[in-house]
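Heads up, the thing below is written out as C-alpha cells.
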Amino acid sequence: MSSHFSPKTHLADLFTQALAQFPQALDIAIELERPKQASHGDFACNAAMQLAKVLKRNPREVAQSILASLPASAWVEKSEIAGPGFINVFLKPAAWQRVATDILREPESYGRGDARRGGKVQIEFVSANPTGPLHVGHGRGAAFGASLANVLTHVGQQVYREYYVNDAGRQMDILALSTWLRYLALCGEFVPFPGNAYQGGYVGAMADSIYALHAERYKRAAAEIMAGVPDAAADDEAHLDALIAKAKALLGPDYAYIHGHALEEQLGDCRNDLTEFGVTFDKWFSERSLHESGLIDRAVEQLRTHGHLYEQDGALWFRSTAFGDEKDRVVRRENGIYTYFAADIAYHLNKFERGFERVVDVWGADHHGYIPRVKGALAAAGVDPERLTVALVQFAVLYRNGQKASMSTRAGEYVTLRDLRAEVGNDAARFFYVLRKSDQHLDFDLDLAKSQSTDNPVYYIQYAHARICSVLAAWGGVESDLIGANTRLLTHAQELALLRRLGEFPETLANAARDLAPHLVAYYLKELAADLHGLYVACRFLEENQELKLARLALIAATRHVLRAGLGMLGVSAPAKM
RNA sequence: GCCCUCGUAGCUCAGUGGAUAGAGCAUCCCCCUCCUAAGGGGAGGGUCGCAGGUUCGAUUCCUGCCGUGGGCGCCA
C-alpha cells in the first residue's frame with residue numbers, strides 16, 4: 001500500500017460519496033479522465049451523462065444533483081458543469097505542488113498503487129527453441145516480457161518469470177543430428193548435409209568442441225548411416241527423420257550425449273545473451289521434464305475422464321471444436337508419441353496447479369491460431385480460460401539507411417539479437433523494442449537507434465536525467481534536505497506542467513499493467529523528459545532566492561526518481577553524465 | 001477459401017464511447033553573456049481506409065467491403 005497522495009484517488013472518493021444517492025451508479029462505468037483542454041479542468045467526470053441514460057433525465061440536470069452533493073475538499077478550486085453534462089473539476093495548485101515532496105519522502109514506492117489485486121502472476125516469455133542463437137524477433141519478446149514483468153512488479157503484483165524450454169521435440173533432434181553430421185566430417189566420414197538441417201556456423205563450432213573433447217568416440221561409418229535412408233530429393237523431411245532414427249540407433253546411449261551437449265550449449269548461449277540484455281528468469285521450465293514426470297499422461301487422463309478425447313486413425317484427439325477451435329487436435333500421434341500440444345496442455349495445467357492466479361503467455365504473432373486450442377484445453381480441464389492471457393508480439397523489421405535489413409531464416413543467416421545489441425547498444429535496443437504497441441509491426445530504425453541526437457528518444461530521456469544530476473551535483477546538497485522544501489512557490493507554468501506529469505505516473509503504470517502495455521511507460525517518459533527540458537529552459541534552478549531554489553531542486557529531484565524508475569522498468573540505464 | 005491482426009498528418013507512430021484527434025521526424029521561422037543547445041519556442045500539415053448500424057455522442061463498439069501482415073501440420 002502506497003502512502004502517496006493521489007489527486008485522482010481523492011476525487012474518486014468524493015464522487016463515490018456524491019453518487020451514493022444513485023444506486024444505479026454502481027452498474028455504470030464512471031470515468032475520471034484528464035481532459036485534453038486545460039479549460040476543461042484537471043479532471044472531468046462523465047457520471048451525469050452515463051446516469052442520464054438509465055434515469056432518463058437530462059444529463060445537465062443530473063450533473064447538478066451530483067455537484068450539489070459533492071463533498072467540499074481542501075484540494076478542489078472549483079467544479080462546474082460543462083458541455084453535454086461533464087463535471088469538470090479544477091484543483092488548487094497545492095494538490096499538484098505537494099506531489100514533488102511526496103515523492104521524495106518515499107521515492108521507491110511511488111506509483112505502487114494500492115496493490116489490492118496483487119496476486120501471483122506468471123509471465124512466460126521468449127521460450128525460443130534452443131536450436132540456435134536468438135534473433136531480433138525473440139529480442140522483442142524478451143524486451144516486452146521483461147518490461148511488462150517489471151511494470152507488474154512495480155504496481156505490487158507477485159511476478160514469476162518463466163522460460164519454457166522446448167528440449168523434447170523434433171527440432172532438438174534435428175539440431176543433434178546436424179551437430180553429429182558436422183562432427184563426422186571432422187572424423188573424415190562424409191554424409192551429405194541435408195538442406196533442411198541447421199546450417200549455422202554455431203553447429204560446426206559445437207562439432208569442433210565435441211571432437212576436441214572426445215576425438216572419434218562418436219564416429220560411425222557414413223555408408224552405414226546412409227544405408228536405407230530415403231533420397232532427400234524425393235522427400236526431404238522423411239530423409240531427415242530417417243537420419244535422426246539412424247543416429248539414435250547407431251549411437252545408442254551416446255545419442256543422449258550429443259543431444260545434451262547441443263542443448264546445453266545453445267541454452268547456455270541463450271541465457272548469456274538474455275542476461276546481458278537485462279532479461280532474467282525465475283525458472284527455465286523443461287518440456288522434457290513433463291514427459292519424464294508423467295505430467296503429460298496425467299493431463300491427458302484428466303481430459304479423457306471428462307470425455308473430451310476420442311481415438312481416430314490410430315491417434316488420440318482432443319475435441320477442441322467443443323471449445324471454439326476450428327478443428328480437433330491430435331494429442332498423441334499414431335506412433336504413440338505425444339504432440340507438442342499435449343505437452344503444452346500439461347504445462348498450462350501445471351502453471352495453475354502451482355497456484356498462479358493469472359498466467360500471461362507472450363507469443364510471436366504467428367502463433368495466434370494456437371490460442372483457441374490452449375484455452376479450450378484449460379476449459380476442458382475445468383480451469384477458467386480467462387485466467388490465461390496471451391500477449392501477441394508482432395515481428396520487428398530492421399531498417400538501415402532507409403532500407404529493409406531483412407532477416408532471412410534460410411541458411412541460418414538471420415540477424416541475431418547479439419548482432420543488434422552490438423550495433424545499437426542494450427539501452428536503445430530495449431527502448432526501441434517497447435516503443436510500439438506489442439501487437440503492432442515494428443519498424444526498427446537502426447540509424448536512429450544509434451544516433452546520439454535529439455531525434456533519438458532514448459538519448460532525449462537519458463539527457464533529461466543527466467541534466468538533473470548535473471544541476472544537483474552543482475548544488476552539492478543532500479536530497480533528504482529537499483523533503484521540507486516549500487513547494488507552494490512552484491507556480492510557473494512549466495513547473496506546474498511538470499508537477500502534473502509527475503502526478504500522472506501512478507495512473508500510467510496502472511494502465512500499463514492493466515493493458516499489458518509497457519509502451520505506455522516509454523511514451524510517458526518521453527513526455528516527462530519534454531516537460532523537464534521545457535522547465536530547464538524556462539527557469540533557473542540554482543536561484544538566489546534560497547527558498548525557491550530548494551523548491552525547484554525538490555521538483556527536479558522528484559523527477560529524477562520517476563525517470564529512473566521508468567527507465568529501470570524498461571531495462572534502460574539512467575546515466576548521470578552524458 | 002476460412003480465421004486473426006493492423007489501416008490516424010508527407011514519414012514513423014500514440015490516443016480515446018465524449019468537448020477543438022496528438023507526438024517525433026521532415027519543411028519553414030525564431031531562441032544560448034546564464035545550472036549540459038544531446039535543449040527550447042512558433043508555423044503549416046487530417047474525410048482517423050470506405051459504407052452502413054448501435055448511441056445523447058463513434059476515430060473508438062458491431063456488420064460488410066477494400067488494403068497490409070500473419071495463421072490454417074499426427075512441426076515446435
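Every chain is numbered from 1, with letters handed out A, B, ... down the list of sequences. Predicted model only: the values in this text are computed from it and were never measured.
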Can you pull the side-chain hydrogen bond (donor to acceptor under 3.5 Å, both in side chains) pairs that have at least one residue in residues 333-342 of chain A, sequence neighbours excluded?
A:Asp297-A:Tyr338

Is any side-chain N or O of A:Asp173 under 3.5 Å from a base N or O of B:A76, one able to act as donor and the other as acceptor?
no

Is the shortest side-chain heavy-atom distance between A:Asp361 and A:Tyr164 below 4.5 Å?
no

Measure NE2/A:His519 against P/B:G22 and give the value in whole Å, please.
18 Å

Classify A:Ala538 by what it touches in the nucleic acid, base, sugar-phosphate, or nothing, heavy-atom distance under 4.0 Å.
nothing

Rounded to whole Å, the OH-P distance (A:Tyr347 to B:A76) equals 17 Å

Applying a 3.5 Å limit to both distances, which nucleotide forms a Watson-Crick or G-U wobble pair with B:U27?
B:A43

Are A:His40 and B:A19 stacked, counting the six-membered base ring, centres under 5.5 Å, planes under 30°?
yes

Any luck finding a side-chain donor-acceptor pair between A:Glu479 and A:His561 under 3.5 Å?
yes

A:Trp363 has an atom CH2; how far is it from atom C1' of B:A76, in whole Å?
12 Å

Whole angstroms only, please: what is the CD-P distance between A:Glu527 and B:G24?
10 Å

Between B:C74, B:A14, B:A19, which nucleotide has the shortest distance from any of its atoms to the side chain of A:Ala82?
B:A19

Closest to the A:Ser470 side chain, choosing from B:A19, B:A76, B:C35:
B:C35

If the P atom of B:C35 is compared with that of B:C30, how far apart are they to the nearest Å?
24 Å

When you get a sec, tell me which of B:C74, B:A19, B:C3 is the closest nucleotide to the side chain of A:Glu326?
B:C3

Between A:Asp325 (CG) and B:G71 (P), how many Å, whole number?
17 Å

Across all chains, not counting sequence neighbours, the side-chain hydrogen bond (donor to acceptor under 3.5 Å, both in side chains) partners of A:Asp173 are A:Lys248, A:Tyr255

Atom NE2 of A:His368 and atom C1' of B:A76 are separated, to the nearest Å, by 16 Å

Of all the nucleotides listed (B:A19, B:A76, B:C74), which has the minimum atom distance to the side chain of A:Asn166?
B:A76

Measure from the side-chain heavy atoms of A:Phe541 and tell me the nearest of B:C74, B:C6, B:C35.
B:C35

Picking from B:A14, B:A76, B:U5, which would you name as closest to the side chain of A:Asp439?
B:U5

Hey, does A:Lys53 reach any base, or is it just sugar-phosphate, or nothing, if we go heavy atoms under 4.0 Å?
base

Can you check whether A:Arg329 has a side-chain N or O nearer than 4.0 Å to OP1 or OP2 of B:C72?
no

Which part of the nucleic acid, if any, lies within contact of A:Cys45, taking any heavy atom under 4.0 Å across all strands shown: a base, the sugar-phosphate backbone alone, or nothing?
nothing

Can you check the A:Leu435 CG to B:C25 P distance for me, whole Å?
13 Å

Need one value for A:Tyr459: base, sugar-phosphate or nothing, where a base atom within 4.0 Å counts as base even if backbone is also close, heavy atoms only.
base

C1' spacing across the pair B:A19 / B:G67, given as an integer number of angstrom
33 Å

Where does B:C25 land, syn or anti, once you apply the within-90°-of-0 test for syn?
anti

Face-to-face stacking of A:Tyr536 with B:G40, centres under 5.5 angstrom, angle under 30°
no

The answer to which of A:Tyr370 and A:Met578 contacts RNA chain B further toward the 5' end, by nearest nucleotide, is A:Met578

Name the residue closer to the 5' end of RNA chain B, choosing between A:Ala315 and A:Arg436 according to the nucleotide with the nearest heavy atom.
A:Arg436

Rounded distance in Å - CG (A:Leu240) to P (B:G73)
20 Å

Test of ring centre spacing under 6.0 Å for A:Phe125 and A:Phe144:
no

Closest approach to the side chain of A:Val330, judged atom by atom: which nucleotide of B:C74, B:U20, B:A76 is it?
B:C74

A:Leu520 near the nucleic acid: base, sugar-phosphate alone, or nothing, with a heavy-atom cut-off under 4.0 Å?
sugar-phosphate

Which one, B:C56, B:A14, B:U36, comes nearest to the side chain of A:Gln440?
B:A14

Nearest listed nucleotide, side chain of A:Tyr463, among B:A38, B:A14, B:A76:
B:A38

Face-on cation placement of A:Arg467 at A:Tyr536 ring, 6.0 Å and 45° thresholds:
yes

Heavy atoms, side chains only, cut-off 4.5 Å: are A:Met172 and A:Pro130 in contact?
yes

Describe the nucleic acid contact of A:Met172 in one word from base, sugar-phosphate, nothing, applying a heavy-atom distance below 4.0 Å.
nothing

Check: A:His441 side chain, B:G69 base, donor-acceptor under 3.5 Å
no

Considering only the C1' atoms, how many Å lie between B:G46 and B:A21, rounded to the nearest integer?
9 Å

Under 4.0 Å, counting only non-hydrogen atoms across every strand here, what does A:Gln37 touch: a base, just sugar-phosphate, or nothing?
base

What is the pairing partner of B:C50, taking Watson-Crick or G-U wobble pairs with both distances under 3.5 Å in any strand?
B:G64

Looking at the side chain of A:Phe86, which of B:A19, B:G70, B:C72 is the nearest nucleotide?
B:A19

At under 4.0 Å between heavy atoms, what does A:His367 touch on the DNA or RNA strands: base, sugar-phosphate, or nothing?
base

Taking the ring centre of each residue, are A:Tyr310 and A:Phe318 less than 6.0 Å apart?
no

